[in-house]
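In what follows, a single structure is set out as structure tokens and then discussed.
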Amino acid sequence: MKGYQLLSISLVRKITITSATVIFLASCIEKDRKSVMGSLPDDSTYYQNPADSMVSFPKDWPESFGYGRTVLAEEISAWDIDVMPDGTGLPAGSGTVSEGSIIYKHKCTACHGVTGIEGPFDKLVGREPRNNFPFGKDYKYSSMRTIGNYWPYATTLFDYIRRAMPQNEPGSLTADEVYALSAYLLHLNEIVPSDAVMDLKTLPAIEMPARDRFVMDNRRGGREIR
Amino acid sequence: MEWKKIDQHLLSRRTLLAASGGLISGVILKTAANAMTVFSPTDPTKTIGRGSSAIGKRAPVEQLTRYVNRPTPSGESMCPIQDLVGIITPSDIHFERHHGGIPTIEPETYELLIHGMVERPMKFTLADLKRFPQRSRICFIECSGNGYSGYYKQGITEELSPQRLDGLLSTSEWTGMMLSTLFREVGVKPGAKWFLAEGSDAAVMTRSIPIEKAWDDAMIVFGQNGEAIRPEQGYPARLLLPGWEGNSQVKWIRRLELSDKPFMTREETSKYSDPLPDCTARLFSFVMDAKSIITFPSFPYVLPEKGWWEIQGFAWSGRGKIIRVEVSTDGGRNWYRAELQEPVLSKCQTRFRIPWNWNGRKSILMSRAIDETGYIQPSYAQLEKVRGKGTSYHFNHIRAWKVEQDGRVLLGLNEMA
């Protein structure tokens with residue numbers, strides 16, 4: 001194996017895997033408030049580094065090493081729990097604000113407080129400071145970030161609660177319970193009414209208050225401090 | 001940039017060594033509590049020593065410990081960077097930051113799943129992973145929140161060590177395989193632009209990573225400093241993204257899902273985003289900009305006398321190699337080029353040093369790093385102007401230390417301007 005690797009070093013062939021362009025980054029200025037999902041053209045690449053868009057594999061590597069095994073669809077779905085902003089990954093089921101309030105009372109108040117603001121862990125509820133997303137302006141706002149005033153996507157709530165909450169029993173909630181908790185937290189944050197029902201259609205349709213505040217990283221090294 | 005000639009305060013290293021040769025022998029510099037310790041008076045040549053053993057131990061007086069900031073499952077511990085003398089961080093004091101505690105994972109049952117926009121969704125055991133062509137590289141990992149207390153200037157005093165200020169930083173030799181090797185094996189479909197990296201801790205931690213990083217220098221690593229990676233650093237395997245913020249280098253990696261879009265996870269939206277003064281927040285700010293810190297002299301060291309001392313520290317950049325480090329002893333009015341210790345590696349802690357003849361008066365020590373892109377580590381004011389007082393990560397401004405007339409060294413909280 002070792003000798004084989006040494007031999008192959010002298011036979012490196014460059015294969016162009018992707019041809020990076022800078023269309024997106026060049027057009028991304030600090031004032032650009034377009035939302036991230038809307039501002040990523042299909043043919044753009046995010047991390048622009050022309051020298052790195054070439055990747056070299058030794059010419060005499062086999063087409064496949066043959067290690068590992070192909071997996072069954074059931075094996076993938078057992079682990080594939082992520083949910084995307086467009087709703088991809090959301091399971092069947094539903095939950096209401098009132099169902100969520102009961103689950104919250106039993107499973108969430110110890111860490112997040114009776115109304116979602118008391119802690120001791122993350123503050124979940126609050127729309128203040130309501131004006132102009134001033135979080136970058138002053139340290140005093142750093143403890144005020146909540147779902148209602150900072151989180152850009154409602155689907156992230158479902159994804160995170162399902163995978164990691166409650167901390168003493170992570171991954172224990174059913175889809176219906178997670179929908180219900182999402183509904184309740186969105187209601188406490190004045191984003192959905194008290195009769196809201198969350199499911200795989202209604203949750204991704206919610207536009208979060210802070211959604212359009214997020215911009216892509218525009219630091220590129222060089223002399224400019226950003 | 002204009003260079004000043006080294007004056008009487010800053011002579012060449014050769015001159016320093018000649019001048020201080022007598023001082024070094026027999027004396028170890030220690031903290032304020034015991035400024036100087038003379039070597040043991042017992043003569044080791046007159047007693048037979050102990051025999052060989054299976055596991056080595058540190059010398060009793062040379063104990064290194066992390067500072068445990070929060071001992072919780074979502075807590076962190078900080079590396080004693082002022083006690084390190086090389087670029088490698090001993091594995092048992094590598095900094096920690098966890099989001100759901102340290103999981104116990106059996107290596108026999110461990111599997112890595114790669115699926116999504118790939119030709120062949122596959123699972124790899126640890127033994128499978130180790131059969132692929134291997135690579136090793138030395139690079140730093142830094143938490144993007146490192147230095148937060150110094151930036152906010154909240155809840156701290158000037159009695160703050162480099163460990164307490166910037167100890168969420170460590171460097172290791174990492175061994176594993178290039179992620180591109182694995183992606184080649186499963187066959188990436190056209191149009192895949194991102195991949196989700198997911199850990200098998202209780203937080204099932206997830207981050208979306210641009211696929212270019214996989215074709216560049218991302219790795220799946222199972223080795224750290226010559227042995228199996230430590231549980232605290234992701235045993236049995238973690239994602240390594242050289243130069244990028246620590247949170248994105250998902251530990252205990254169990255799943256990679258390729259996609260045409262980012263997943264917008266809780267960590268990358270609500271947590272590791274950077275609010276800016278123009279009322280936006282920056283997403284996916286992965287790269288750690290160039291930074292440096294003087295680790296000697298620093299709090300809690302006390303300089304016992306004026307005269308020649310060697311200023312030492314670390315510089316690093318997530319964009320490549322450090323090409324220059326400049327040091328000031330007068331609060332940033334004059335800057336002098338420090339010597340860089342080889343090896344100077346890309347995206348790696350680099351040691352710098354410069355001899356200094358302390359005249360016994362109050363002095364303000366600063367360092368600034370310059371990387372191969374020409375980026376110059378900014379002043380506090382420069383950084384605050386573009387990031388705002390409330391931003392949450394990437395605090396790479398110039399650090400300052402005050403040397404008082406009595407030799408005490410304090411963090412220059414007000415001097416960082």
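Chain letters run A, B, ... following the sequence lines, proteins first and then strands; every chain starts at 1.
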Indicate yes or no: does Arg207(B) engage Glu268(B) in a salt bridge with an N to O separation below 4.0 Å. yes
I need the residue from Lys385(B), Gln382(B), His394(B), Met178(B) with the largest number of non-hydrogen atom pairs under 4.5 Å to chain A. His394(B)
Salt bridge between Asp217(A) and Arg219(A), side-chain N to carboxylate O under 4.0 Å? yes
Part of Tyr150(A) within contact of chain B (heavy atom distance under 4.5 Å): side chain
Most contacts with chain A, counted as non-hydrogen pairs under 4.5 angstrom, among Asp371(B), Asp289(B), Leu112(B), Thr125(B): Asp289(B)
Less than 4.5 Å to any heavy atom of chain A: does that hold for the side chain of Thr391(B), its backbone, both, or neither? backbone
Interface check, chain A: of Thr206(B), Leu129(B), Asp217(B), Val186(B), most non-hydrogen pairs under 4.5 Å belong to Thr206(B)
Under 30°, 30 to 60°, or over 60°: which ring-plane class applies to Tyr179(A) and Phe158(A), parallel, tilted or perpendicular? tilted
Tell me which of these, Pro134(A), Pro170(A), Ser64(A), has more heavy-atom pairs under 4.5 Å with chain B than the rest. Ser64(A)
Output the option from Met205(B), Lys271(B), Glu384(B) having the highest count of non-hydrogen pairs under 4.5 Å with chain A. Lys271(B)
Tell me whether the NZ or CZ atom of Arg184(B) lies within the 45° cone about the ring axis of Phe57(A) and under 6.0 Å from its centre. yes
For Ser259(B), is it the side chain, the backbone, both, or neither that has a heavy atom closer than 4.5 Å to a heavy atom of chain A? side chain
Applying the ring pair (Phe, Tyr, Trp, His ring centres under 6.0 Å) test to Phe395(B), which of Tyr148(B), Tyr380(B), Tyr152(B) qualifies? Tyr152(B)
Below 4.5 Å from any heavy atom of chain A, which atoms of Arg387(B) appear? Answer side chain, backbone, both or neither. both
Minimal non-hydrogen separation, Val83(A) against Arg162(A), with atom names: CG2-NH2, 3.9 Å
How are the rings of His397(B) and Tyr151(B) set to each other: parallel, tilted or perpendicular (split at 30° and 60°)? tilted
Write down the atom of His112(A), the atom of Leu124(A), and the distance for their closest heavy-atom approach. CG-CD1, 3.5 Å
Heavy-atom distances under 4.5 Å only: say whether Gln377(B) touches chain A with side chain, backbone, both or neither. neither
Largest heavy-atom contact set with chain B, pairs under 4.5 Å, which of Gly68(A), Ser142(A), Ala164(A): Gly68(A)
Which pair of non-hydrogen atoms, one from Pro277(B) and one from Val386(B), has the smallest distance, and what is that distance? CD-O, 3.4 Å
Of all of Arg255(B), Arg120(B), His115(B), which one pairs up most often with chain A through heavy atoms under 4.5 Å apart? Arg255(B)
Which residue out of Lys140(A), Arg69(A), Glu75(A), Lys137(A) racks up the most heavy-atom pairs below 4.5 Å with chain B? Arg69(A)
Turns out that what part of Gln154(B) lies under 4.5 Å from chain A's heavy atoms comes down to side chain
Step by step, work out the side-chain hydrogen bond (donor to acceptor under 3.5 Å, both in side chains) result for Tyr393(B) and Asn247(B). CA-CA 11 Å; Tyr393(B) 298 95; Asn247(B) 180 258; over 6 Å; no
If you count heavy-atom pairs under 4.5 Å between each of Gly388(B), Ala202(B), Ser270(B), Pro190(B) and chain A, which one has the most? Ser270(B)
State, with a plain yes or no, whether a side-chain heavy atom of Leu185(A) is found less than 4.5 Å away from one of Tyr104(A). yes
Among the options Gln167(A), Glu224(A), Arg145(A), pick out the one with the most heavy-atom pairs lying under 4.5 Å from chain B. Arg145(A)
On the ring face of Phe222(B), is Lys130(B) found with NZ or CZ under 6.0 Å from the centre and within 45° of the axis? yes
Suppose we call two aromatic rings close when their centres sit under 6.0 Å apart. Are Tyr110(B) and Phe124(B) close by that rule? no
Most contacts with chain B, counted as non-hydrogen pairs under 4.5 angstrom, among Asp138(A), Thr70(A), Asp80(A), Asp159(A): Asp80(A)
Residue Leu113(B) versus chain A: region with a heavy atom under 4.5 Å: both
Less than 4.5 Å to any heavy atom of chain B: does that hold for the side chain of Asp122(A), its backbone, both, or neither? side chain
Please classify the contact between Leu157(A) and chain B as side chain, backbone, both or neither, with a heavy-atom cut-off of under 4.5 Å. neither
Applying a strict 4.5 Å limit to non-hydrogen atoms, the region of His99(B) in contact with chain A is backbone
